[in-house]
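Have a look at the structure below before the remarks.
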Amino acid sequence: GLSPVAIQQVFDAIRTVRAEGVSMLLVEQNSTLALEVADRASILRTGRVVLSGESADIRSQDRLLHAYLGSPCNEEDPDGKEVTSAENRR
């Protein structure tokens, strides 16, 4: 992995590019930093999207922790379909 100084430099550069209005796709294991710079996010576990929505919504949910730890985080709607949107989990 990168040193803490290098991580800070990379995310400073991402913030600078983002401030210029450039869209980008970020794939990052450090969810705390990634969610700070992202407008929207999708959280994957074993190749499947387990949580998706506005970054602020995802940051404010305990489900992010469950998604990373492998605890059940998917709910089902009344039709039996999996709910993976942060907006639907309020």
Side-chain angles (χ1 to χ4, degrees):
L2 297 175
S3 71
V5 171
I7 292 169
Q8 186 63 45
Q9 291 171 339
V10 168
F11 275 88
D12 286 346
I14 290 170
R15 287 183 189 93
T16 299
V17 171
R18 183 177 185 269
E20 295 174 3
V22 177
S23 297
M24 64 184 86
L25 173 67
L26 174 65
V27 179
E28 174 58 52
Q29 293 179 347
N30 185 328
S31 62
T32 301
L33 288 174
L35 289 170
E36 286 176 9
V37 298
D39 295 317
R40 296 191 52 79
S42 294
I43 307 300
L44 282 73
R45 183 177 73 202
T46 61
R48 293 185 59 216
V49 174
V50 294
L51 193 57
S52 182
E54 299 292 324
S55 295
D57 291 337
I58 293 173
R59 276 195 313 264
S60 68
Q61 294 187 24
D62 291 335
R63 295 184 198 285
L64 176 62
L65 181 62
H66 293 294
Y68 272 111
L69 294 178
S71 302
C73 64
N74 293 328
E75 299 173 357
E76 291 186 357
D77 69 14
D79 297 324
K81 296 178 183 172
E82 203 171 79
V83 176
T84 58
S85 172
E87 290 87 1
N88 294 335
R89 294 177 180 268
R90 294 181 193 163

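We're numbering straight along the sequence, starting at 1.
Under the 4.5 Å side-chain criterion, counting only non-hydrogen atoms from C-beta, Glu28 is not in contact with Leu33.
Among all heavy-atom pairs drawn from Ala41 and Leu35, the shortest one is CB-CD2, 3.5 Å. Heavy atoms only, all atoms of each residue included: Ala38 and Arg18 are closest at C-NH2, 4.4 Å.
Annotation: salt bridge (Lys or Arg N to Asp or Glu O under 4.0 Å) contacts involving residues 5-14, sequence neighbours excluded, comprise Asp12-Arg15.
Placement of Leu26 and Leu44 in two distinct hydrophobic clusters is found when ILVMFWY residues are connected by side-chain heavy-atom separations under 4.5 Å, directly or transitively. Leu2 and Val37 end up in the same hydrophobic cluster when Ile, Leu, Val, Met, Phe, Trp and Tyr side chains are linked at under 4.5 Å.
Applying the side-chain contact (heavy atoms from CB on, under 4.5 Å) criterion to Ser3, with sequence neighbours excluded, gives Val5, Ala6.
Between atom CD of residue Glu36 and atom CD1 of residue Ile14 there is a gap of 11.5 Å, rounded to the nearest 0.5 Å.
For the pair Glu20 (side chain) and Val22 (backbone), a donor-acceptor distance under 3.5 Å is absent. Judged by distance alone, with hydrogens and angles left aside, the side-chain atoms of Ser42 form no donor-acceptor pair with the main-chain N or O of Val49 at under 3.5 Å.
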